[in-house]
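Labels below follow one simple rule: chain letters A, B, ... track the order of the sequence lines, proteins then strands, and each chain is numbered from 1. FYI, side chains are in, hydrogens and waters are out, and symmetry mates aren't considered; it's all heavy atoms of this structure.
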Amino acid sequence: MRKFLIRRFFYMILSVIAATIIVFMLSRLAGDPRLLYAKPGGYGITEEQFEAIGESLGLDRPLIVQYGIWLGRILKGDLGKSIVSERPVTRILGEKIGATLQLGVASWILATIIGVPLGVLSAVKRGAVFDYLGRGFALFGQALPNFWLAIMSVLIFAVGLGWLPSGTRGLQDGFPFSWQNLQYFVLPTATLAWGAAAGYLRITRSAMLEVLDSEYVTLARAKGVSHRMVIWKHAFRNALIPPLTVSTVLLTSLLTGAVVIETVFAWPGIGNLAVQAVDANDFPVLTAVVLLFVILWVVANFLTDIAYAVVDPRIKYS
Amino acid sequence: MIATSRSVSTRKKFKLANLSRRIWYILRRWPIIPGVVITTLVLTGIFAPLLAPQDQFKQNLRARNAPPVWNTQWYDDNPRVELRYILGADHVGRDILSRIIYGARISLIVATISLITGLLMGVTLGLSAGYFGGHIEELIMRLTDVWYAIPFLLLALVANIIFGPSFGLVLALLALSTWPAFVRNIRAETLSLKTLDYVALARVSGASNVRIIFKHLLPGVFNTVVVIATLRVGQLILAEASLSFLGVGIPSPTPAWGVMIAEGRADLRAAWWPTVFPGVAIFLVVMSLNFTGDWLRDRLDPRLRQL
């Protein structure tokens, strides 16, 4: 077990390093990074300034040294300055990450409390109306493009019915759970959560079906355990393993998926920031966002593997 | 006389109920409706120039945001708009139906090329990893792990800053996002296949590694490849639409469905049709592909249920 943990940890570090190399190489592939600061034709910047930028970026050294310098700065928490606002990227990220985390975690919770119970119901009532409804819900969730779903929800609930705000996060002052603040969360959270809930539902359903077919459940039934006890005590606890283990991955995919949803709802988070950075060619900001997500993603995958090994003793640590 | 006629009519009724039950049975057993949708997509894509009622790029500012044809009131009020736009026109008066039809062609091309590229890469790597084992396997599997760790959408954003949005870039990105899905499953499959006697016999009789891989192992993993490929296509189409919607996919004015939704969004309050119809098209196609994929998986390879 310990060997397995060390091995996985080592690969996690390796993944992060590989990702930084890819990001770094991409940033150098873009051509002379100094051109990002200079206007087309070199207008508005003198030769000396141009060279000074080059020196501050370490462009006169070999590529591997440049990578070392770049990595060293990142490790010190210096992600550079935004080209557009000339403010430190770390500060910009710090301002935006709260909104993204709120949205991601809210959708995560919503997806879990909808997807897992529906999956159990769908498996227990296999072939009945509930099963068809549940699977229909999953099929829709995985086939509807979430940006389109988001726009449709705005069209219906904001433009048509006028029940909910069509975007932004509102002012978020006063009591945090008042309707005044919460109403801004309804549409983004629901549209983001649907796909994830569909994933939960499918995984829970297939795990539950597998467990219900197993011998110990038949034995429990045979010795006269009540139906409810069989489902919730014997079957559900074991069927919970797969959805539990994918939940970390789902959370990170929700955070990435937030890029699209945040764009639709003008949500002031990281995803929105990334898309705006693309429009403005703001490379340092985008690099920072990508690195942040890669690290999140790798750590989540690591935790998932650990969770799998801890929860399910049948997994071999090889 | 009366008695017989009554019995005939009940028998007819009975037959009718039987028939509808049979149709329902067939619809549940076979993916008829998804099949029709996918066939329609393929045919529309191939014959787009013949099917499209209008030029996909032709603008008509008089018909700006013209509603779908069933809103006859609008067309009566605007007699100078001579054409009737079946699904309406967008913010510069382009025919939405024609653009959706050409958009089908784009989705088809993007999905096919990126899927085949990713499939070839993934299957080759998966077979090699499973067959050769050792360092090659270790290298390939670690590469797959690392690649999994990179959030695809953000990679697309970075690539767009560097290379600028283009059709080729979308293809490359989607192909690069597809191959890892094949590697893991194909490798697992190959691991069990290569221990079988017929592979050992092939080796004894002097078959080369390449021959064993492509002649003896590839047919064995074929079902898995088909199932994963069908399940992936829908996701590829969704991914392409998301990229195009964010403005980092297929560049406007090409009528990719995602682009159409993004363009229609600005005028959402004035006109819902430029946004709604392309979305419905994406939804129908992806839903049909997913449905067919599930069906194929249950038929060919139920062990892949976790996918």
Legend entry - Face-on cation placement of R299(B) at W30(B) ring, 6.0 Å and 45° thresholds: yes
Legend entry - Any residue of residues 280-291 of chain B which, by heavy atoms, sits under 4.5 Å from chain A: V280(B), I282(B), F283(B), V286(B), M287(B), N290(B), F291(B)
Legend entry - Test of ring centre spacing under 6.0 Å for F245(B) and W257(B): no
Legend entry - Which portion of V16(A) sits near chain B, non-hydrogen atoms under 4.5 angstrom: neither
Legend entry - Under 4.5 Å from any heavy atom of chain B - which part of Y132(A): side chain
Inset, instruction - Just jot down the side-chain hydrogen bond (donor to acceptor under 3.5 Å, both in side chains) partners of R184(B), sequence neighbours excluded, or say none. - result: D145(B)
Inset, instruction - Starting at OG1 of T275(B), measure out to CD1 of I96(B) and round the result to the nearest 0.5 Å. - result: 8.0 Å
Inset, instruction - Give the member of L296(A), V289(A), V260(A) that has the highest number of heavy-atom pairs under 4.5 Å with chain B. - result: V260(A)
Legend entry - Over all atoms of both residues, closest heavy-atom pair of T191(A) and N146(A): O-CB, 4.3 Å
Inset, instruction - Tell me, for L268(B) versus chain A, whether the close heavy atoms (under 4.5 Å) come from the side chain, the backbone, both or neither. - result: both
Legend entry - Any residue meeting side-chain hydrogen bond (donor to acceptor under 3.5 Å, both in side chains) with Q142(A), in chain and number order, not counting sequence neighbours: R202(A)
Legend entry - F167(B) atom CZ, over 12 foreign heavy atoms within 6.0 Å: yes
Inset, instruction - Give every residue pair that meets the salt bridge (Lys or Arg N to Asp or Glu O under 4.0 Å) criterion with at least one member in residues 132-146 of chain A, sequence neighbours excluded. - result: D131(A)-R135(A)
Legend entry - Heavy-atom pair count under 4.5 Å with chain B, highest-scoring of I17(A), V259(A), L139(A), V275(A): L139(A)
